[in-house]
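Step one of this worksheet: look at the structure below.
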Amino acid sequence: MTTTASSPQHRAAEAFVPIGSIVSIGTLDGGLINDSFLVATERFRLVLQRISRQAFPKPELIMENLRVLLMHAHDSRIALRLPAIVPTRDGRDYWVDADGGFWRALEFVANTRAPERLENLAQARGVGSALGRFHAMVHDLDPRRLHVTRERFHDTPWYYARFTAVAEQASPIPADPALQFCIDFARARASRVSSLEDARRRGELSMHVIHGDPKLENVLFDVVSGEAVSLIDLDTVQPGLIHYDLGDCLRSACNPAGETPPDPASARFDLDICRALLDSYFVETRAFLTDNDLRHLPDAIRLIPLELGLRFLTDHLQGDRYFKVKWRGHNLHRARTQFVLTESIETQMEKIRALIDMLARAN
Ligand code: GN1
Ligand code: MG
């Protein structure tokens with residue numbers, strides 16, 4: 001799609017590329033928060049994004065973090081490509097339009113693809129290796145050097161409290177079996193939302209630099225070698241628990257149904273994918289993972305899909321203010337999917353524990 005010269009994305013693109021050089025601007029669908037475009041000039045392509053100020057009240061902090069991360073990655077021996085910042089024509093990291101829209105441009109990582117679903121177990125290994133290399137790369141980067149770009153981003157008890165407050169306000173809840181299922185599902189887990197935050201508060205888990213959103217779509221595979229070569233979407237790189245990343249990566253990669261399957265009931269957690277992914281993750285990280293890290297990992301796998309389900313459900317109850325939706329009910333559909341996935345994890349908890357013990361011993 002080519003946009004008109006007066007569109008906001010066209011005007012923003014002109015801040016980053018030489019005047020008159022734009023050949024086309026296409027929309028990059030997929031992200032649930034920011035607006036993304038692929039800008040092509042005769043000589044190169046770049047990814048142009050308008051950062052959601054609702055999700056990121058201070059988007060300039062994202063760019064400051066990205067600078068720190070990229071400098072660190074540059075000095076690292078670990079092979080993982082991270083998209084470079086494309087500065088504006090006057091050398092800045094971002095451009096703000098007349099309406100306050102915050103725009104930044106990143107390198108388009110060429111000759112790669114991001115499959116929506118895993119196509120084979122070799123890709124699962126690739127995802128685990130890429131996340132492992134990322135964690136290994138930032139292991140010696142002091143998390144205090146990074147800003148918090150999004151407060152309470154993986155604070156499950158906080159999301160739960162917000163859900164109950166919003167559900168309270170929304171009552172009487174419209175009669176809808178899917179909505180009732182989700183609300184009952186969430187309420188039945190009230191006593192189990194704080195396990196990870198409690199462990200953090202007790203000092204059993206320590207803060208590291210994390211990706212924050214390492215879902216499958218954010219892993220890029222080389223089109224020729226098939227190797228996982230790059231991690232993108234670095235907006236939520238900030239201090240956190242590696243458990244948030246592992247939980248998020250596994251909930252996304254191990255559910256062959258995806259985030260919006262035709263039928264939410266088809267969501268399930270695939271142990272074979274989990275085994276392949278964690279095995280290659282441990283190859284990169286086992287040297288610095290602690291016993292406590294491993295002990296709390298099964299719970300993170302259960303918690304992060306529950307948390308995402310709570311976030312989708314709350315957004316549905318609030319009238320779809322945060323996540324982009326394609327239809328009214330999309331967030332409810334997504335919430336059901338995450339809850340069905342959570343249930344599948346809950347029924348396999350003993351196997352997940354045994355699997356992690358086995359892999360930790362083997363690596
Ligand atoms: C959002 O915008 P996107 O697709 O990168 C969300 C993640 C969710 C994800 C679910 C800042 O990510 O937390 O896990 O959707 N990002 C933010 O697909 O809320
Ligand atoms: Mg993201």
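Computed from a prediction, not measured in an experiment: that's the story for all the values here. Order of listing sets the numbers, starting from 1, for every ligand and every atom in it. These values consider heavy atoms only, across backbone and side chains, with no hydrogens, waters or symmetry-generated copies.
In the vicinity of Glu259, heavy-atom distances shorter than 4.0 Å reach the ligand 1 atoms 10 (C), 18 (O). For ligand 1 and Leu308, the ligand atoms under 4.0 Å from any heavy atom of the residue are 8 (C), 14 (O). Taking a cut-off of under 4.0 Å to the non-hydrogen atoms of Phe56, the atoms of ligand 1 that pass are 11 (C). Near Tyr322, meaning under 4.0 Å from any of its heavy atoms, are these atoms of ligand 1: 11 (C), 17 (C), 19 (O).
At the top of the distance list for atom 5 (O) of ligand 1, counting protein heavy atoms only, stands Asp233 OD2, 2.7 Å. Scanning all protein heavy atoms for the shortest distance to atom 16 (N) of ligand 1 gives Ile33 CG1, 3.7 Å. Protein heavy atom at the shortest distance from atom 12 (O) of ligand 1 is Asp213 OD2, 3.2 Å. Atom 4 (O) of ligand 1 has Lys215 NZ, 2.6 Å as its closest protein atom, hydrogens excluded (heavy atom only). Looking only at protein heavy atoms, the nearest one to atom 15 (O) of ligand 1 is Leu32 CD2, 3.6 Å. Counting only heavy atoms of the protein, atom 14 (O) of ligand 1 lies nearest to Arg251 NH2, 3.5 Å.
Inspection of the Asp279 and Asn363 side chains reveals an N or O donor paired with an N or O acceptor under 3.5 Å.
Relative to the six-membered ring of Tyr94, Arg92 misses at least one condition, a distance below 6.0 Å or an angle of at most 45° to the axis.
When the N, O or S atoms of Asp213 are ranked by distance to the Mg ion (ligand 2), OD2 comes first. The closest approach of Asp233 to the Mg ion (ligand 2), by N/O/S atoms, is made by OD2.
Nearest heavy-atom pair, Ala186 versus Tyr160, reported as atom, atom and distance to 0.1 Å: O-CE1, 3.4 Å.
By the rule that hydrophobic residues join a cluster once side-chain heavy atoms approach within less than 4.5 Å of another member, Ile22 and Val86 end up as members of one cluster. At a threshold of 4.5 Å between side-chain heavy atoms, the hydrophobic network of Ile, Leu, Val, Met, Phe, Trp and Tyr places Ile345 and Tyr159 in two separate groups. Leu308 is not connected to Phe153 by any chain of hydrophobic side-chain contacts under 4.5 Å among Ile, Leu, Val, Met, Phe, Trp and Tyr, and they are in different clusters. By the criterion of side-chain heavy atoms lying less than 4.5 angstrom apart, applied directly or through intervening Ile, Leu, Val, Met, Phe, Trp or Tyr residues, Ile352 is grouped together with Leu294 in one hydrophobic cluster. The hydrophobic cluster containing Phe108 does not contain Leu234, counting ILVMFWY residues as joined when their side-chain heavy atoms lie under 4.5 angstrom apart, directly or transitively.
A distance-only check finds no donor-acceptor pair linking the side chain of Asn255 to the backbone of Ala267 [under 3.5 Å].
Under a 4.0 Å heavy-atom criterion, Arg311 is in contact with ligand 1.
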